[in-house]
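The figures here come from the full heavy-atom set of this structure, side chains too, leaving out hydrogens, waters and symmetry mates. Below, chains carry the letters A, B, ... as their sequence lines are ordered, and counting in each starts from 1.
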Amino acid sequence: MTTRVRFAPSPTGYLHIGSARTALFNYLYARHTGGKFLLRIEDTDLARSTEESTRSILDGLAWLELAHDEEIVFQSDHADKHRATAKTLLAEGKAYRDFTPKAAPNDANVKDVIKDRARAAQGEKNMRDNPYRDLSAEESDARAAAGEPFAIRLEVAETGKTSFEDSVYGLQERDYQETEDLVLLRSDGHPLYNLAVVCDDIEMAITHVIRGQDHLTNAHKQVLIYEALGVAPPTFAHLPLIMAPNKGKLSKRKHGEVVSMTTYRDAGFLAAAFRNFLALLGWSAGEEKEIYTLAELVEKFSLDGIHRSNAIFNFTENDPRRWTDDKAQWMNAEYIRTMPLAELLQFVKAELKAAKLWRDEYDPEGRALTSSVPSTRAAEFQTESGERPENLAFDMPEIGSYDWFVRTVDLIRQRFFTLKDFSSQGRAYFSEDYDFDAAAIEKNLSKFPDLKTWLPELADRFETMDSFTKSEIEEVVKAFTEEKGTKLGVIMNGARTLLTGVAVGPSMLSVFETLGKERSILRLKSHVVWNS
RNA sequence: GUCCGGUUCGUCUAGGGGUUAGGACACCGCCCUUUCACGGCGGCAACACGGGUUCAAAUCCCGUACCGGAUACCA
């Protein structure tokens, strides 16, 4: 039988990081087994479900490239079937009508109320003490016919236990005494979660239910429904939870944007990197490898590799550098600097376009920006000794051309963490309108007042150069430095600040060469910084 | 309260009777260097606790502690 799994979010908010991981694991399992990955929107709670949430969840999945098979199922479309199932169970005597008046709904602190009520019961609560449980069929029918409202509850046997083999947590057993006669249908005719899930999972022929560990007790209730229905339950695999740094629940209300998938997309994360990070939160292939392509994840993924203990998603509020998990940030940077350049270019193009820094000349002639990366690609020159590609010399392409663009991206990506860096820290490579970092000015310019005259003077030297390549630039700058009786670093760092606005970046010789003679001269003569 | 689950460096984790308990991130140091958040080398740092079983326990068993989840006419 083909594996069929589903990701079933309720549309009450954006795609949460924990849900995203659940979706990923379902996806990986489906692809690994050659099965189907289905999507079902659990929108039966009309009051809380919104279309906007559905859109946001779909956006998140699309960003992570977790494409689902078959049509999306909206649970609310099947309410009639759920109701019919409840009626069938009632007719078969496996469920009964409960005429107890519905308790007034309490809003904000439902959870606490329920907890308190349970605590008050002190474990002495008899789950089978509902007075309507043993009402005769005749009387039940009569009261229903008279229009008295009722909920339909599943009749759970007095003794025995539910049990199932969880693929992650092993054999799970629960005494019937611990499970109440759960409500299947609300008195207003609204089908409840556990009923709906079971009906839909059967309808969709789901073979494996992979979801958060917070559903472990629901699994027992669902097994009960499967049994009443005479259908074999699917295989369950519950996932450990992803917690906040204080081991508490990771929630939008408390933690805000860090838990939303769209935040990462908007912050310049690569979906591949984030997916990779997510895959390693609660799962491992049992090896020391950390960077996996999607294909590798699909190949290696298995339910046995899933952990039983919760994982902490680490981040520090109010620390801009640590706003999200360190490892996620590292992984993104790692992807940016090591992924195939041709792939990265497309993302950089999108980023530059969004920042209005893109120029059509950066596209290869008559083609879309994809595979035609020049063979001079620096990454291919990486040597065993760890020599940096930026130290390599090869002919400088025409400034502003496609070849120049490719080379520049490859040069600057080494120190970038997100796609955003290409339009912020890297802005000076693509525009004349870039900002100057105050700390950089202080450190590299203000301390050396002589630079105010020296740098324009250096520009004059550049003016006399016929060819503007690294070796020649080096000669000129070195001679200039000696002449002024200063250190090379003073000149280079001052120039760096003026030319790029920031204190970090590739070798200055590469920067000069990349920016080109004209722009280097222009910027060295700029007084904008000195006057401010 | 009750039921269920968990516990290896700060974090993500490998290891599941005999290991100097491994890797990654973060942090620190050194090197490279005109800068640096790149790269190279190194360092700091963990088996929750108590009993058992065993020649031998991080690993198996029991208990304790702590953490988490569940306990709705929510999903």
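Spacing of C1' atoms, B/A72 relative to B/C12, comes out at 35 Å, to the nearest Å. Rounded to whole Å, the P atom of B/C25 lies 15 Å from the corresponding atom of B/G43. Comparing the C1' positions of B/G18 and B/A56 gives a spacing of 6 Å, expressed to the nearest Å. Atom P of B/U11 sits at a distance of 28 Å from the matching atom of B/U71, rounded to the whole Å. Taking atom P on both B/C44 and B/A21, the two are 14 Å apart, rounded to the nearest angstrom.
Aromatic pair A/Tyr169/A/Phe236: ring centres not closer than 6.0 Å. Ring centroids of A/His220 and A/Tyr176 are separated by 6.0 Å or more, keeping the two rings apart.
One can place CG of A/Asn332 at 15 Å from P of B/C25, the figure rounded to the nearest angstrom. Rounded to whole Å, atom C1' of B/A26 lies 15 Å from atom CZ of A/Phe313.
Minimum atom distance to the side chain of A/Glu290 is reached by B/G23, of the listed B/G23, B/G39, B/U34. Checked against B/C12, B/C74, B/U35, the side chain of A/Val504 finds its nearest nucleotide in B/U35. Side-chain atoms of A/Ala311 lie closest to B/C12 of the nucleotides B/C3, B/A75, B/C12. With B/C73, B/C36, B/U35 as the choices, the nucleotide that has an atom nearest any side-chain atom of A/Arg153 turns out to be B/C73.
A/Thr481 comes within contact range of no nucleotide atom at all, as no heavy-atom separation falls under 4.0 Å. Within the nucleic acid shown, A/Gly212 has no heavy atom closer than 4.0 Å to any nucleic acid atom. When heavy atoms are screened at a 4.0 angstrom cut-off, A/Gln172 is found touching the sugar-phosphate backbone but no base atom. Using a 4.0 Å heavy-atom distance criterion, A/Leu509 is classed as a base contact. A/Gln329 comes within contact range of no nucleotide atom at all, as no heavy-atom separation falls under 4.0 Å. Residue contacts shown for A/His238 are absent, as no nucleic acid heavy atom lies under 4.0 Å away. Heavy atoms of A/Asp188 sit nowhere under 4.0 angstrom from any nucleic acid atom. Using a 4.0 Å heavy-atom criterion, one finds that A/Lys289 contacts no nucleic acid atom at all.
Side-chain N/O atoms of A/Arg321 include none lying less than 4.0 angstrom from OP1 or OP2 on B/A37. A sub-4.0 Å separation between OP1 or OP2 of B/C4 and a side-chain N or O of A/His220 is absent. At the phosphate of B/C74, OP1 or OP2 sits under 4.0 Å from a side-chain N or O atom of A/Arg186. Regarding contacts with the backbone of B/U8, every side-chain N or O of A/Arg308 stays at 4.0 angstrom or more from both OP1 and OP2. A sub-4.0 Å separation between OP1 or OP2 of B/U13 and a side-chain N or O of A/Ser284 is absent.
A donor-acceptor contact under 3.5 Å links the side chain of A/Ser507 to the base of B/U34. For B/C74, its base sits under 3.5 Å from the side chain of A/Arg48 at one donor and acceptor pair at least.
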Enumerate the protein-to-nucleotides 60-69 of chain B contacts in which both atoms are nitrogen or oxygen and the separation is below 3.5 Å.
| unit_1 | atom_1 | unit_2 | atom_2 | d |
| --- | --- | --- | --- | --- |
| B/G68 | O2' | A/Asn310 | ND2 | 3.0 |

Pull out every protein N or O sitting under 3.5 Å from an N or O of nucleotides 43-49 of chain B, one pair per line with the distance.
none

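Searching all strands for a Watson-Crick or G-U wobble partner of B/G68 with both distances below 3.5 Å returns B/C4.
A/Arg153 pairs with exactly one of A/Leu182, A/Asn130, A/Leu184, A/Leu90 by the side-chain contact (heavy atoms from CB on, under 4.5 Å) rule, that one being A/Asn130.
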Would A/Tyr264 and A/Asn332 count as a side chain to side chain donor-acceptor pair (under 3.5 Å) here? Give the steps. CA-CA 10 Å; A/Tyr264 295 90; A/Asn332 200 54; over 6 Å; no

